[in-house]
**Student:** 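Once you've had a glance at the structure underneath, I'll fire off some questions.
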Amino acid sequence: MKLIKIIGKTLLFVLSLVLAVVLTLLFLLLLSYLQQKILIPKQHLYWIMKSPYSFLFLFFEVELIAIMGYFLSKDMKAAWHYLQNKLERVLPHWKRWRNGSLIVVNVVLLYFLFIHVSVLTEEGIIDHSALNPQGTFYPYESLSAIDTGIQGEKKISFTFQGEFYYKVTLENGSVLNLADMGESATEEDFRFVLSRLDKRLLDLGIPKTASTDNLSYLYETLDPIYVEAIEEMLTRTE
């Protein structure tokens with residue numbers, strides 16, 4: 001009987017994970033659709049969800065896993081009620097503002113995830129933020145620096161080891177990683193679009209710092225055609 005219970009709990013846990021992943025994917029597809037309809041102009045090269053805000057979807061995924069677990073697992077439901085009772089003793093009015101607080105937190109995080117995007121057009125970059133939802137346009141001529149390479153040893157950042165980055169400094173001093181998660185206006189991979197843009201930026205005289213260190217990491221995760229496009233950007237000087 002114990003073995004059956006363990007197997008049953010394991011299956012429920014796996015099921016909750018699968019459902020959470022599926023729902024998260026559907027959520028991201030809907031979010032991307034709304035972003036393109038509301039924030040992205042029809043004439044654009046590609047657009048990105050800016051980090052670290054793009055990682056906020058993980059909060060909603062964890063939240064979905066917890067909800068799935070609550071409805072599918074008696075143990076998790078019991079643990080939740082136990083936690084509520086403990087909190088009620090420490091914070092007598094906790095239950096009164098619990099639901100409202102959860103709604104506010106979710107709405108704020110969803111807004112941050114939705115609005116923090118940047119759009120690359122033929123003329124420049126449109127940068128959206130929470131305090132500037134309508135976006136500010138920065139012509140490519142106004143960029144002050146380019147920094148590109150492959151992330152080496154893991155540091156405290158949102159760039160992972162072996163990940164390609166292409167950071168530009170805007171006129172206001174903020175830095176954008178144009179290799180962040182995003183989507184091209186066509187089916188063409190963003191790396192090819194970025195490679196052509198890199199040539200344009202150099203023609204405009206934008207100072208560029210590039211390093212081919214850690215290029216070997218890319219061969220472990222990407223097809224050679226994409227590695228060649230990245231290597232071309234890292235070695236291009238004019």
Side-chain angles (χ1 to χ4, degrees), residues 18 21-58 60-61 110 113-129 135 137-140 143 146-151 158-168 170 175-204 206 208 210 212 214-236:
V18 172
V21 170
V22 171
L23 290 174
T24 300
L25 290 175
L26 292 175
F27 164 73
L28 289 175
L29 287 173
L30 177 60
L31 180 70
S32 175
Y33 174 79
L34 293 175
Q35 286 172 319
Q36 292 183 65
K37 288 295 183 181
I38 299 173
L39 300 175
I40 314 301
K42 291 185 178 180
Q43 299 300 320
H44 69 280
L45 300 176
Y46 73 94
W47 62 278
I48 59 172
M49 296 177 67
K50 297 186 292 184
S51 61
Y53 306 102
S54 57
F55 290 94
L56 287 174
F57 81 91
L58 294 174
F60 296 103
E61 185 168 23
L110 181 60
L113 178 61
F114 174 82
I115 205 66
H116 280 274
V117 302
S118 292
V119 186
L120 282 75
T121 68
E122 289 288 350
E123 296 78 26
I125 300 172
I126 304 172
D127 186 43
H128 298 269
S129 66
F137 176 76
Y138 298 94
Y140 292 125
L143 301 182
I146 302 169
D147 179 26
T148 182
I150 311 297
Q151 180 67 49
F158 289 91
T159 305
F160 301 98
Q161 187 178 46
E163 184 177 353
F164 168 64
Y165 62 87
Y166 192 100
K167 299 177 181 179
V168 297
L170 302 179
V175 177
L176 290 180
N177 183 6
L178 301 187
D180 269 337
M181 178 175 65
E183 186 175 338
S184 174
T186 64
E187 295 183 358
E188 185 179 28
D189 188 87
F190 84 93
R191 283 164 279 239
F192 303 123
V193 180
L194 186 55
S195 181
R196 292 194 296 271
L197 178 60
D198 176 66
K199 181 66 168 62
R200 284 183 57 189
L201 296 180
L202 287 179
D203 291 341
L204 291 172
I206 310 299
K208 178 181 178 182
T212 56
N214 308 305
L215 189 63
S216 59
Y217 285 126
L218 296 183
Y219 288 98
E220 300 174 4
T221 56
L222 294 177
D223 288 337
I225 187 173
Y226 302 127
V227 178
E228 290 175 6
I230 293 174
E231 187 174 7
E232 184 178 350
M233 283 184 274
L234 299 181
T235 56
R236 182 184 289 132

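Numbers here simply count residues along the sequence, with the first being 1.
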**Student:** Within the structure provided, determine whether Asp147 and Tyr165 are in side-chain contact (heavy-atom separation under 4.5 Å).
**Tutor:** yes
**Student:** What pair of heavy atoms forms the shortest contact from Val119 to Leu39, and how long is it?
**Tutor:** CG2-O, 4.3 Å
**Student:** Any idea which heavy atoms bring Leu113 and Gln35 closest together, and the distance?
**Tutor:** O-NE2, 3.5 Å
**Student:** Compare all side-chain heavy atoms of Leu170 with those of Leu143 and state whether any distance is below 4.5 angstrom.
**Tutor:** yes
**Student:** Roughly how far, to the nearest 0.5 Å, is the CD atom of Gln36 from the CG atom of Leu31?
**Tutor:** 10.0 Å
**Student:** Provide the closest heavy-atom pair for His44 versus Ala185 in the form atom of the first, atom of the second, distance.
**Tutor:** O-CB, 3.1 Å
**Student:** Would you say Phe27 and Glu61 make side-chain contact, with heavy atoms under 4.5 Å?
**Tutor:** no
**Student:** Given side chains that start at C-beta, do those of Tyr140 and Leu201 come closer than 4.5 Å, heavy atoms only?
**Tutor:** yes
**Student:** For Thr148, give me all partners under side-chain contact (heavy atoms from CB on, under 4.5 Å), at least two apart in sequence or on another chain.
**Tutor:** Phe164, Tyr166, Lys208, Ala210, Leu234
**Student:** Nearest 0.5 Å, what's the CH2-NE2 distance between Trp47 and His128?
**Tutor:** 10.5 Å
**Student:** Taking side chain as C-beta onward, heavy atoms only, is Ile206 less than 4.5 Å from Val168?
**Tutor:** no
**Student:** Which word best sums up how the rings of His116 and Tyr53 line up, parallel for under 30°, tilted for 30 to 60°, or perpendicular for over 60°?
**Tutor:** parallel
**Student:** Scan residues 223-232 for pairs that pass side chain to side chain donor-acceptor pair (under 3.5 Å), counting only residues two or more places apart or in two chains.
**Tutor:** Glu232-Arg236
**Student:** Kindly state each residue pair satisfying salt bridge (charged side-chain N to carboxylate O under 4.0 Å, His left out) with at least one member in residues 185-197, sequence neighbours excluded.
**Tutor:** Glu188-Arg196, Asp189-Arg191
**Student:** When you measure from the side chain of Thr121 to the backbone of Gly124, do you find a donor-acceptor pair of N or O atoms at a distance under 3.5 Å?
**Tutor:** yes
**Student:** Just checking Leu29: does its CG atom have more than 12 heavy atoms from other residues, nucleotides or ligands closer to it than 6.0 angstrom?
**Tutor:** yes
**Student:** For Ser195 versus Ala229, what's the shortest heavy-atom pair and its separation?
**Tutor:** OG-O, 4.2 Å
**Student:** Main chain of Ser51, side chain of Asp180: is a donor-acceptor contact present, judged purely on distance under 3.5 Å?
**Tutor:** yes
**Student:** At their closest point, which heavy atom of Met49 faces which heavy atom of Ser54, and how far apart are they?
**Tutor:** O-CB, 3.7 Å
**Student:** Answer yes or no: is there a donor N or O on one side and an acceptor on the other, between the side chain of Lys167 and the main chain of Gly149, under 3.5 Å?
**Tutor:** no
**Student:** So which heavy atom on Ile125 is nearest to which on Leu120, and how close?
**Tutor:** CG1-CG, 4.2 Å
